[in-house]
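Working notes, structure below.
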Amino acid sequence: MKSVRALVALALILHPPAAVAAPDWFPHSNMMTIGVYYYPEAWPESQWARDMANMKGMGMEFVHMGEFAWAFMEPEEGNFQFDWLEKNVALASQAGLKVVLCTPSATPPIWLTRKHPEILMVDAAGRRMNHGGRQQADWSSPVYREYVNKIDAALANRFGHDPRVWGWQIDNELSHYEKEFSYSPAATVKFRAFLREKYGTIGRFNTDWGTAFWSMVFQNFDQIEIPNQLDHPALPNPHAQLDFNRWFAREAADYLRMQATTLRRNGATGQWITTNYMAMYPNVDPTLSTKDLDLFTWTHYPVHGDLFPENGPLGFRLGSGAVQSFMHDFMRPINGISGLMELQPGQVNWGAINPWPQPGAIHMWILRAFGAGARIVCTYRYRQPAFGNEQYHKGLVETDGVTPSPGGREFSEAAADMVKLRAQYRPDAKEPAAHAKRRTAFLINFDNRWDIEIHKQTTRWDTQAHWMKYYRALKSMMAPVDVVTEDRDLSQYPFVVAPAYQLADAALIAKWTAYARNGGHLVLTARTGQKDRRGHFPETLWAQQIYPLIGARIPIYDLLPGNIEGHVTADGVRHTWGSWADVLEPEPGTTTLATYADQFYAGKAAAVTRKLGKGTVTYIGVDTLTGDLELALLRKVYAATAPASLKPDFLVDWRDGFWVATNFTSTPQPIPARPTTQLLIGTRTVPPGGVAVWQE
Ligand code: GAL
């Protein structure tokens, strides 16, 4: 037995596995598992056993520990102290909780920072960060990476083969928070290496960065710096910014890959590995880590002072249904296994204003995760801290350390729901055909988002808001949505929506064309196809590369200043826009769906559709204020699927045989169930912040 293990270990060292093709970490019949963050290093040892038992008593199934505990894991260089953690692993296991452990790379200890100040990130103004907060280290520093690898290896050696440990989280919300990027010498060296590899010659590099303009020409790669607005009286080169965004996302993915490899090489092969991505964070691209992680998780704090007026007067207590649903639909398709690693258990401390969530909303968010296919939901955090940066942050228990908080009670309620739903789980449940008919790929490419940000042209444009107009419309029709990247096989989706796709090339347009010809329904939106992948305009007419596909020309686009409003009519209904309007000229055979009602181009097309082969292509060139036109036009595209007509943000999904309705609106909503259907959870009219679950 031993020698077999040794051989396996040797094989693993020679060929460290990529993300292991799933041992059954998340059995389908369990559907979703609920857990909680705990910081034993911050509480007296005498309370650990009590706390673990209480977590279990509240219905939690796993405990998450260690992501900020480097100073306790390695109090001096090379002196690894894991006994305290091991005690907690044992206590958790005795209490019946699975354990998630973390790499502590978000919080380097003081001895490391003082010995090697070069591991600290440098902000745009050239200031090196300091000890006393978190996320201050530079992922590009080779010295930092060495220390991270050592602590990760030590952790994996100690806990990698431990069956009580279920999985691992790498780092914490990979980002530098407000400081965004590091401009350190180490980052600069790696950025240059990326450019050298990408372009090969300085000549090609100069062409693609368009350095002929303003005499920016570089003579060699070592002259290049990270683009930094503080270094320039004018704007930095846009191609430099786009390449920097690309490099930064790859560097983050590389840092994750390094840690995942170290964990697996040192024993964490039978345990899953994830990282907790920040919701909607634009600078780190989770899809770059598809092969490195086993589970894709993210963090969410829906109520933190934002108003979400689209959800009515209770929006600020309910959070954005669209963003929450979109993030699930983005993370799930990456490899099919996803979850929420942090979910707010009550008030947070870091918003400008921190309101109390609507009673019931926390329970609703957990059930929303269930409906969206999540395998885990975990809450940050078990105990409200008595001291430190996050003092005013609620936990599952009150400041006395034992009494369940209102949010804690909602977590317990959701945990009890899961027990009930598991009893009704039917392994052979088939997705209803009417639902599958509306399956939609929502296509994104981070390059578009970055490039639009660099060249916005109007402060009234908001890419995320533009996406959400389409996404809310799709969910109101009860379309199941996968937010996916271009490399996907689109043929399994009857519909594809690709919003604001600024960068395109012949291969992508050929893929879209073939998709439509073969019977797919493609929806493209404003600002699509303007540039090539470098971010250059092709030497053609404006966005000409998409004309044959959309069956129309785009001679001009318009943007309105201040609060000036433009209008569009479709089917006799008037809609208002302010940010972006592509003015279209349809070719013969293309049908106009919406027409500009004012400005000097009144009467010209704002949206068009055409048949192409067995499918259709629709181009919606205007971005309306509320998304009402987008909804009306999508309903036409989906007409043959008998789309539902839910109030946007009353979200209803199908998962494993269960229909799950969650109400993010401020008014009660009726569920779309047969009158005779018995509900498993909730009522037929769902109150704001409420939930209903049924099977039919
Ligand atoms: C998250 C972070 C956690 C904690 C939490 C507080 O963004 O990952 O560590 O700080 O916010 O709400």
Side-chain angles (χ1 to χ4, degrees), residues 35-43 63-73 100-108 132-137 139 167-180 252 255-256 259 274-284 286 293 295-306 316-317 319-320 323-324 327 331 339-357 361-362 365-366 369 376-397 399 405-408 410-411:
V36 60
Y37 276 45
Y38 185 55
Y39 297 95
E41 66 275 20
W43 303 107
V63 58
H64 171 290
M65 297 185 285
E67 85 275 27
F68 300 133
W70 196 336
F72 298 86
M73 293 170 173
V100 177
L101 291 182
C102 305
T103 72
S105 48
T107 49
R134 65 172 172 179
Q135 319 277 82
Q136 68 272 42
W139 321 320
W168 295 86
Q169 174 187 303
I170 295 171
D171 207 89
N172 180 70
E173 283 191 332
L174 208 57
S175 70
H176 298 295
Y177 295 122
E178 277 82 21
K179 295 288 179 175
E180 300 269 15
Y255 183 56
L256 290 173
Q259 292 207 45
T274 190
T275 191
N276 57 343
Y277 291 99
M278 236 196 279
M280 301 310 270
Y281 182 59
N283 296 323
V284 172
L293 304 177
L295 164 70
F296 284 81
T297 66
W298 53 291
T299 65
H300 198 36
Y301 295 83
V303 170
H304 54 264
D306 281 5
F316 76 99
R317 296 200 191 278
S320 163
V323 165
Q324 201 167 121
M327 275 303 299
M331 299 301 277
L340 251 180
M341 191 54 101
E342 292 179 24
L343 178 66
Q344 176 173 11
Q347 276 161 310
V348 299
N349 63 294
W350 47 263
I353 298 172
N354 299 296
W356 191 278
I362 294 170
W365 299 330
I366 302 169
I376 67 164
V377 169
C378 189
T379 184
Y380 181 91
R381 51 187 286 159
Y382 176 63
R383 289 184 69 168
Q384 171 148 5
F387 49 79
N389 284 39
E390 296 185 338
Q391 272 188 310
Y392 284 83
H393 200 291
K394 293 294 281 185
L396 289 191
V397 292
T399 37
S405 63
E410 291 191 30
F411 261 86

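Counting starts at 1 for both ligands and their atoms, in listed order. Nothing here was measured: the structure is a model prediction, and the numbers come from that model. Heavy-atom basis, side chains included; hydrogens, waters and symmetry copies ignored.
Closest approach of L343 and V377 over heavy atoms only: CD2-CG1, 4.1 Å.
The pair K394-E410 fails the salt-bridge criterion, with no side-chain N (NZ, NE, NH1 or NH2) lying under 4.0 Å from an Asp/Glu carboxylate O.
Sorted by first and then second residue, the salt bridge (charged side-chain N to carboxylate O under 4.0 Å, His left out) pairs with a member in residues 341-350 form an empty list; sequence neighbours excluded.
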Need the list: ligand 1 N/O atoms against protein N/O atoms, distance under 3.5 Å, rounded to one decimal.
unit_1	atom_1	unit_2	atom_2	d
ligand 1	7 (O)	E173	OE1	2.5
ligand 1	7 (O)	E173	OE2	2.9
ligand 1	8 (O)	N172	OD1	3.3
ligand 1	8 (O)	N172	ND2	3.2
ligand 1	8 (O)	E173	OE1	3.0
ligand 1	8 (O)	E342	OE1	3.0
ligand 1	8 (O)	E342	OE2	3.0
ligand 1	9 (O)	R134	NH1	2.7
ligand 1	10 (O)	R134	NH1	3.3
ligand 1	10 (O)	R134	NH2	2.7
ligand 1	10 (O)	E390	OE1	3.4
ligand 1	10 (O)	E390	OE2	2.4
ligand 1	12 (O)	W350	NE1	2.7
ligand 1	12 (O)	H393	NE2	2.7

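The only option from W350, Y382, Y380 that meets the ring-ring contact (aromatic ring centres under 6.0 Å, His included) definition with H393 turns out to be Y380.
In the model, Q347 has no side-chain atom that pairs as donor or acceptor with a side-chain atom of Y301 under 3.5 Å. Judged by distance alone, the side chains of S105 and Q259 do bring a donor and an acceptor atom under 3.5 Å apart.
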